[in-house]
Enquirer: 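The structure is given below, and queries will be raised subsequently.
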Amino acid sequence: MTGNDDSILEFLHEREVTLPPTGLEINLEREGISISYSTIHRRLQKLQEKGLVKKIDEQKGYYAITDKGRDYLEGDLAASELEDDGDDE
């Protein structure tokens, strides 16, 4: 898990929104959080593999936080409990 992962999850959770990577990039930037589109796209795929977000619309690529993602943010699920993806940059 990375700081970018936390920023993405927190944004989806706090705003209760479903967004594509481009929407996340724009809205995070408005909040003063600069994460590139390519990083957001890559991290969303990793977060989906871990079950922390789910893809809502396959064609448009909208993502939403899952209950497991909320558990992680609330501290009920430790990062060490998530499967290691070997890409925690």
Side-chain angles (χ1 to χ4, degrees):
M1 297 295 293
T2 70
N4 289 336
D5 294 342
D6 290 346
S7 295
I8 291 167
L9 290 171
E10 287 169 2
F11 188 87
L12 292 173
H13 176 64
E14 291 170 3
R15 310 290 182 308
E16 296 184 21
V17 293
T18 302
L19 291 169
T22 302
L24 273 167
E25 178 188 23
I26 291 166
N27 284 287
L28 286 168
E29 183 69 33
R30 291 177 66 195
E31 298 286 321
I33 302 168
S34 181
I35 307 174
S36 71
Y37 170 84
S38 61
T39 297
I40 290 171
H41 187 263
R42 184 177 68 250
R43 297 316 302 169
L44 282 170
Q45 290 175 338
K46 295 294 183 182
L47 292 169
Q48 183 178 12
E49 289 171 13
K50 293 175 185 288
L52 301 175
V53 299
K54 62 183 172 183
K55 199 175 222 183
I56 301 300
D57 184 318
E58 285 295 325
Q59 289 182 326
K60 296 180 182 176
Y62 279 70
Y63 290 84
I65 192 167
T66 63
D67 289 338
K68 186 175 179 180
R70 287 182 190 88
D71 289 344
Y72 167 75
L73 288 177
E74 292 170 7
D76 296 333
L77 178 65
S80 61
E81 295 178 62
L82 300 171
E83 196 173 306
D84 183 20
D85 62 15
D87 185 15
D88 289 335
E89 56 185 61

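It should be emphasised that the depicted structure is a prediction, and the values quoted were computed from it without experimental measurement.
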Enquirer: With a 4.5 Å cut-off on side-chain heavy atoms, are M1 and L52 touching?
Expert: yes
Enquirer: So how far is it from R43 CZ to K50 NZ, rounded to the nearest 0.5 Å?
Expert: 7.0 Å
Enquirer: Residues two or more places apart in sequence or in another chain: which of them pass side chain to side chain donor-acceptor pair (under 3.5 Å) with Y72?
Expert: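 Result, side chain to side chain donor-acceptor pair (under 3.5 Å) vs Y72: D6.
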Enquirer: Tell me, do K46 and D5 make a side-chain contact under 4.5 Å, heavy atoms counted?
Expert: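 Of all side-chain heavy-atom pairs linking D5 with K46, none is under 4.5 Å.
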Enquirer: Does S36 have any side chain to side chain contact (heavy atoms under 4.5 Å, CB included) partners at least two apart in sequence or in another chain, and if so, which?
Expert: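 If we apply the side chain to side chain contact (heavy atoms under 4.5 Å, CB included) test to S36, skipping adjacent residues, the hits are S38, T39.
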Enquirer: Look up atom CZ in F11 and atom CD1 in I33, then write down how far apart they are to the nearest 0.5 Å.
Expert: 8.0 Å
Enquirer: Using 0.5 Å steps for rounding, measure from the CD1 atom of I8 to the CG atom of L44.
Expert: 5.0 Å
Enquirer: Please list all pairs meeting salt bridge (charged side-chain N to carboxylate O under 4.0 Å, His left out) that have one or both residues in residues 60-80, counting only residues at least two apart or in different chains.
Expert: D67-R70
Enquirer: How close do A64 and T18 get, counting heavy atoms only, and between which atoms?
Expert: CB-OG1, 3.6 Å
Enquirer: Can you run down the ring-ring contact (aromatic ring centres under 6.0 Å, His included) pairs that involve residues 29-52, sequence neighbours left out, and say none if there aren't any?
Expert: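 Every pair satisfying ring-ring contact (aromatic ring centres under 6.0 Å, His included) with a residue in residues 29-52: Y37-H41.
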Enquirer: Keeping to residues at least two apart or across chains, list the salt bridge (charged side-chain N to carboxylate O under 4.0 Å, His left out) pairs with something in residues 11-30.
Expert: R15-E31
Enquirer: Taking side chain to side chain donor-acceptor pair (under 3.5 Å) as the test, write out the residues that go with D57, two or more places apart.
Expert: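 Partners of D57 under the side chain to side chain donor-acceptor pair (under 3.5 Å) test: none.
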Enquirer: In the structure I gave you, are the side-chain heavy atoms of V17 and N27 within less than 4.5 Å of one another anywhere?
Expert: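 No - every pair of side-chain heavy atoms lies 4.5 Å or more apart.
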Enquirer: How close do P21 and G61 get, heavy atom to heavy atom, and via which atoms?
Expert: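 What the structure gives for the nearest pair is CD-O, 3.5 Å.
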Enquirer: Would one find more than 12 heavy atoms of other residues, nucleotides or ligands at under 6.0 Å from atom NZ of K54?
Expert: no
Enquirer: Which ILVMFWY residues can you reach from Y62 by hopping between side chains whose heavy atoms are under 4.5 Å apart?
Expert: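 Its cluster mates, by chain and number, are I56.
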Enquirer: Decide yes or no for L24 and I35: does some side-chain heavy atom of the first lie under 4.5 Å from some side-chain heavy atom of the second?
Expert: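 L24 does not reach I35 side chain to side chain.
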